[in-house]
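Residues: numbered from 1 along the sequence shown. Atom set for the values below is all heavy atoms of this structure, side chains included, hydrogens, waters and symmetry mates excluded.
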Amino acid sequence: GVAARISSLIELAGLDLAQATERVVHEELVLRQAEGGVIAVDAAGRIAMPFNSGGMARAARHPDGRIEVVAFLPEP
């Protein structure tokens, strides 16, 4: 459902990948009292990795060749 919603916001509302993923994760999931995150890539290779949970480890190779590895994990 989350991926379909992001896709719809891009296609029908004209949002870009960052805007669509931020809206779904930080607004729509929060309204449903849900936590989560996504790793999304658009047709141009742009990457978005938002999350609203206590932690989410993730990595990506951006179109410019930059490698991003991030681990925001909750403290024990």
Any chance you could measure Ser7, atom OG, to Leu17, atom CG, to the nearest 0.5 Å?
10.5 Å
Nearest 0.5 Å, what's the CZ-CD distance between Arg58 and Glu68?
6.5 Å
Set of residues satisfying side-chain hydrogen bond (donor to acceptor under 3.5 Å, both in side chains) with respect to Gln19, sequence neighbours excluded:
none
Return the set of residues passing side-chain hydrogen bond (donor to acceptor under 3.5 Å, both in side chains) with Glu35 (not counting sequence neighbours), or none when no residue passes.
none
Grouping ILVMFWY residues whenever side-chain heavy atoms fall under 4.5 Å, the cluster of Ile67 otherwise contains Val69
Let me have the donor-acceptor pairs involving side chains of residues 36-50, under 3.5 Å, with sequence neighbours excluded, atom names and distances please.
unit_1	atom_1	unit_2	atom_2	d
Asp42	OD1	Ala44	N	3.0
Asp42	OD1	Gly45	N	3.1
Asp42	OD1	Arg46	N	2.9
Asp42	OD2	Arg46	NE	2.8
Asp42	OD2	Arg46	NH2	3.0

Ala20 and Ile10: which non-hydrogen atoms are nearest, and at how many Å?
CB-CG1, 3.8 Å
Begin from the C-alpha positions of Val25 and Ile6 and carry the test side chain to side chain contact (heavy atoms under 4.5 Å, CB included) through to its verdict.
CA-CA 9 Å; Val25 171; Ile6 291 168; 5.6 Å; no
For the student: nearest non-hydrogen atoms of His26 and Phe51, plus distance:
CE1-O, 3.1 Å
If the condition is side chain to side chain contact (heavy atoms under 4.5 Å, CB included), which residues does Glu28 pass it with, not counting sequence neighbours?
Arg5, Leu9, Arg23, Val24, Arg32
